[in-house]
Student: 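Handing you this structure, nothing more for now.
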Amino acid sequence: MNTEIELKYIVACEEVESRIESTLSQLPISCQRTTKELSNTYFDTPDQLFRQADMGLRVRACQNTYEQTIKTAGKVVGGLHQRPEYNVDIDSTSPDLSLFPSALWQDNQNVEQLQESLVPLFSTNFLRKIWLIENKNGSKIELAYDSGSILSGSQSVDINEIELELVSGKATDLFELATKLFDSLLLRPGCKSKAARGYGLWLNTDTSVEVTPFELVPLRHDNNILQSFTSGLNFGLGQLQAMVEAYIESPSLSYLAKTLEVMALIRHGFWLFESHLNEEHIKVRDELSYFMKSFLWVDNATHLSELTNKTGNYRKKIEYSEQLISQLKIEKQKFPNESQVKEIIYSSRFNNLQLNLLALLLNFEDDAEQKPQENITIQSFARKAFDESLSLAQNALTSDVPLTTEQYLSHQKLVIRSLLTGSWFGSLYDKQLRLDFRSPWLDIKHGLSELHTLWVLQEQLDALEEIPEKLIRWHHGKVENLLLAMEHSRETALGLEPYWRLSQ
């Protein structure tokens with residue numbers, strides 16, 4: 001059995017081979033180059049018993065030789081793929097499960113029944129160009145560029161990706177080579193394996209991703225502080241790359257807004273765990289801030305989109321003024337377009353940010369295993385963070401008189417930070433108590449978003465030469481009703497006992 005440690009990147013440029021050659025020629029390495037034409041057929045049972053067990057079965061044909069492979073449950077983090085695999089040479093294109101070691105199979109798996117039920121699902125056919133690299137440290141890395149297609153019935157999708165596999169040596173050398181490639185190629189981390197993409201094609205599944213605000217980091221009660229931070233990084237990096245991939249496949253402001261929220265979640269973790277971090281870690285946090293600033297326009301673009309959406313709540317009222325519609329369309333054109341967003345996504349700097357987060361994650365995993373458990377529990381650590389975050393939000397929102405639009409919007413960041421703290425530590429506590437407490441705070445956050453939309457509209461109205469009276473009355477009434485609803489949510493939120501205190 002081998003365990004692959006590889007980085008996978010999707011390529012979005014041409015002349016890939018020559019760009020790779022140019023990059024490698026400038027490095028102090030030795031290199032052997034080969035080319036293979038590979039044909040892989042993936043098998044499963046009709047009810048996907050292999051997939052349910054998080055296993056993948058394939059037969060690979062290359063130059064009249066055949067090899068069957070099973071990849072077992074592993075993990076994919078930040079473009080780094082780690083999956084144990086078993087390889088066996090065979091004589092045909094049909095797999096023979098009896099040739100795999102018996103220790104591979106789970107107790108509930110009947111090998112003979114699995115063999116009888118196997119059916120081919122999809123195939124991957126591609127040309128693999130390989131550079132076997134040895135650097136000055138003695139590390140060996142296989143760089144493979146795959147170009148071809150995945151086929152299932154009459155459907156197909158392209159393969160255009162680079163894989164960097166650590167054959168022997170240090171993972172840091174693998175990362176260093178990746179950073180060199182970032183400078184010459186347009187890349188982004190590949191979250192899905194060829195097999196995962198093939199299954200999606202075979203099942204004809206919807207590739208859209210559900211956007212859920214303020215999801216919870218999955219923490220364990222027995223984790224120490226470093227392990228908890230690692231879990232958060234793992235979760236956040238996976239979410240970040242999933243949203244980027246969703247945007248590439250189907251560009252939308254909702255995916256960009258979620259991308260911004262996930263970066264905020266990761267950065268918030270760097271603040272929460274700051275006492276356990278060093279200066280190098282803070283540099284990564286600063287890079288997160290840089291890219292968050294690069295995407296700050298998404299909020300205003302989202303609010304303008306809400307206003308101009310033909311099926312939205314505002315469009316009919318806005319039609320009272322043709323000048324306003326024209327003005328909003330002009331404002332929308334000022335924001336970065338899809339092409340400019342993709343430039344950021346495929347940029348060397350954005351790739352390096354994700355690779356640095358991955359490196360931190362792997363280092364923290366090692367530290368968490370090697371260092372002794374700390375005296376302070378993650379629950380105690382979380383309660384302190386909760387109390388500090390809630391205190392700031394409560395002090396901002398506590399008032400004997402109703403808050404104005406300006407006052408609510410000025411406290412938006414504090415509300416979001418409090419919710420992000422809940423996202424980091426909420427999974428440690430009773431679900432129902434948590435939902436009861438977070439519900440009015442989420443209502444306030446939703447109200448703030450709508451209030452911001454109305455604020456953007458007010459700014460546009462102020463710029464009009466003449467504002468229809470109907471539009472003024474509607475806008476005034478809309479703001480008043482929203483503020484009344486938010487006052488109710490504010491009173492409820494401030495009156496609730498925090499769930500982390502009730503769960504002690």
Side-chain angles (χ1 to χ4, degrees), residues 1-11 19-34 71-85 87 128-146 161-185 187-191 193 226-227 229-231 233-234 236-238 241 266 276-285 287 348-371:
M1 180 187 73
N2 299 315
T3 299
E4 287 184 331
I5 299 179
E6 65 179 28
L7 293 167
K8 186 189 298 290
Y9 290 97
I10 306 300
V11 185
R19 289 171 187 245
I20 292 174
E21 290 280 9
S22 176
T23 299
L24 296 181
S25 68
Q26 300 173 46
L27 302 178
I29 59 172
S30 61
C31 184
Q32 295 178 350
R33 178 176 166 173
T34 56
K71 294 191 178 186
T72 58
K75 61 181 179 180
V76 180
V77 181
L80 180 74
H81 294 241
Q82 294 177 293
R83 295 194 72 181
E85 65 174 48
N87 301 301
R128 169 165 287 179
K129 297 179 179 178
I130 303 168
W131 293 261
L132 185 57
I133 298 162
E134 184 171 353
N135 68 8
K136 60 184 179 182
N137 299 325
S139 292
K140 292 183 179 180
I141 298 168
E142 183 181 277
L143 191 168
Y145 168 51
D146 296 339
E161 61 191 36
I162 282 176
E163 294 180 1
L164 295 167
E165 181 179 351
L166 184 64
V167 179
S168 64
K170 299 179 179 179
T172 52
D173 292 326
L174 186 74
F175 292 175
E176 186 177 341
L177 178 57
T179 62
K180 301 296 183 183
L181 294 171
F182 295 158
D183 292 332
S184 58
L185 295 159
L187 304 173
R188 64 175 175 85
C191 302
S193 65
L226 268 184
Q227 288 170 331
F229 183 59
T230 299
S231 294
L233 276 187
N234 188 349
L237 187 53
Q241 293 178 346
I266 299 172
H276 295 264
L277 307 178
N278 60 38
E279 289 184 8
E280 289 301 314
H281 305 146
I282 304 307
K283 289 179 182 178
V284 178
R285 186 183 72 190
E287 277 296 278
S348 173
R349 189 167 182 175
F350 193 54
N351 274 309
N352 274 311
L353 167 65
Q354 295 170 83
L355 196 62
N356 288 334
L357 285 168
L358 174 59
L360 279 184
L361 173 56
L362 296 179
N363 288 337
F364 277 126
E365 282 184 341
D366 291 340
D367 288 346
E369 291 177 3
Q370 295 171 11
K371 291 183 178 180

Student: Short question: side chain of N234, backbone of T230 - any donor-acceptor pair under 3.5 Å?
Tutor: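 Here the side-chain-to-backbone pair does not exist.
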
Student: Quick one: does N278's side chain have a donor or acceptor within less than 3.5 Å of a partner on E280's backbone?
Tutor: yes

Student: Given L358 and L237, is the side-chain contact (heavy atoms from CB on, under 4.5 Å) satisfied, shown in steps?
Tutor: CA-CA 8 Å; L358 174 59; L237 187 53; 4.1 Å; yes

Student: At what distance, to the nearest 0.5 angstrom, does CG of L7 lie from CG of L174?
Tutor: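 Here the rounded value is 4.5 Å.
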
Student: How close do G138 and S168 get, heavy atom to heavy atom, and via which atoms?
Tutor: O-OG, 4.4 Å

Student: Nearest 0.5 angstrom please: S193 OG to E6 CD, how far?
Tutor: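 CD of E6 is found 9.5 Å from OG of S193.
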
Student: Let me see the working for K180 and S184 under side-chain contact (heavy atoms from CB on, under 4.5 Å), right down to the final yes or no.
Tutor: CA-CA 7 Å; K180 301 296 183 183; S184 58; over 6 Å; no

Student: Return the CZ to CD distance between R128 and E161, rounded to the nearest 0.5 Å.
Tutor: 8.0 Å

Student: Out of curiosity, L181 CG to N351 CG, how far, rounded to the nearest 0.5 Å?
Tutor: 10.0 Å

Student: Closest approach of V11 and L187, non-hydrogen atoms and distance?
Tutor: CG2-CD2, 3.7 Å

Student: If I compare all heavy atoms of I130 with all of E142, which pair ends up nearest, and what's the gap?
Tutor: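 For I130 and E142, the tightest heavy-atom pair comes out as CG2-CG, 3.5 Å.
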
Student: Where is the tightest heavy-atom contact between E21 and W131, given as atom of each residue plus distance?
Tutor: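 Minimum heavy-atom separation between E21 and W131: OE2-NE1, 3.2 Å.
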
Student: For side-chain contact (heavy atoms from CB on, under 4.5 Å), just list the numbers for R349 and L353, CA-CA rounded to whole Å, side-chain angles, deciding distance to a tenth of an Å, and then say yes or no.
Tutor: CA-CA 6 Å; R349 189 167 182 175; L353 167 65; over 6 Å; no

Student: Yes or no on side-chain contact (heavy atoms from CB on, under 4.5 Å) for H281 and H276, after CA distance, side-chain angles and deciding distance?
Tutor: CA-CA 10 Å; H281 305 146; H276 295 264; over 6 Å; no

Student: Side chain of R19, backbone of L185: donor and acceptor closer than 3.5 Å?
Tutor: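 Absent.
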
Student: Quick one: CZ on F350 to CG on L355, what's the gap to the nearest 0.5 Å?
Tutor: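 It comes to 12.5 Å.
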
Student: For residues L24 and I29, determine if any side-chain heavy atom of one lies less than 4.5 Å from a side-chain heavy atom of the other.
Tutor: yes

Student: So which heavy atom on I10 is nearest to which on G190, and how close?
Tutor: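 Residues I10 and G190, closest heavy atoms: CG1-CA, 3.9 Å.
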
Student: Is the backbone of K283 close enough, under 3.5 Å, to the side chain of E287 for a donor and an acceptor to pair up by distance?
Tutor: no

Student: Decide yes or no for L27 and I133: does some side-chain heavy atom of the first lie under 4.5 Å from some side-chain heavy atom of the second?
Tutor: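 Heavy-atom side-chain distance check fails, nothing below 4.5 Å.
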
Student: Does a side-chain heavy-atom distance below 4.5 Å link D183 with T23?
Tutor: no

Student: Specify the closest pair of heavy atoms between D173 and I141, including all atoms of both residues, with the distance to one decimal.
Tutor: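 Heavy atoms of D173 and I141 come nearest at O-CD1, 3.6 Å.
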
Student: Roughly how far, to the nearest 0.5 Å, is CG of L164 from NZ of K8?
Tutor: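 Result: 10.5 Å between the selected atoms.
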
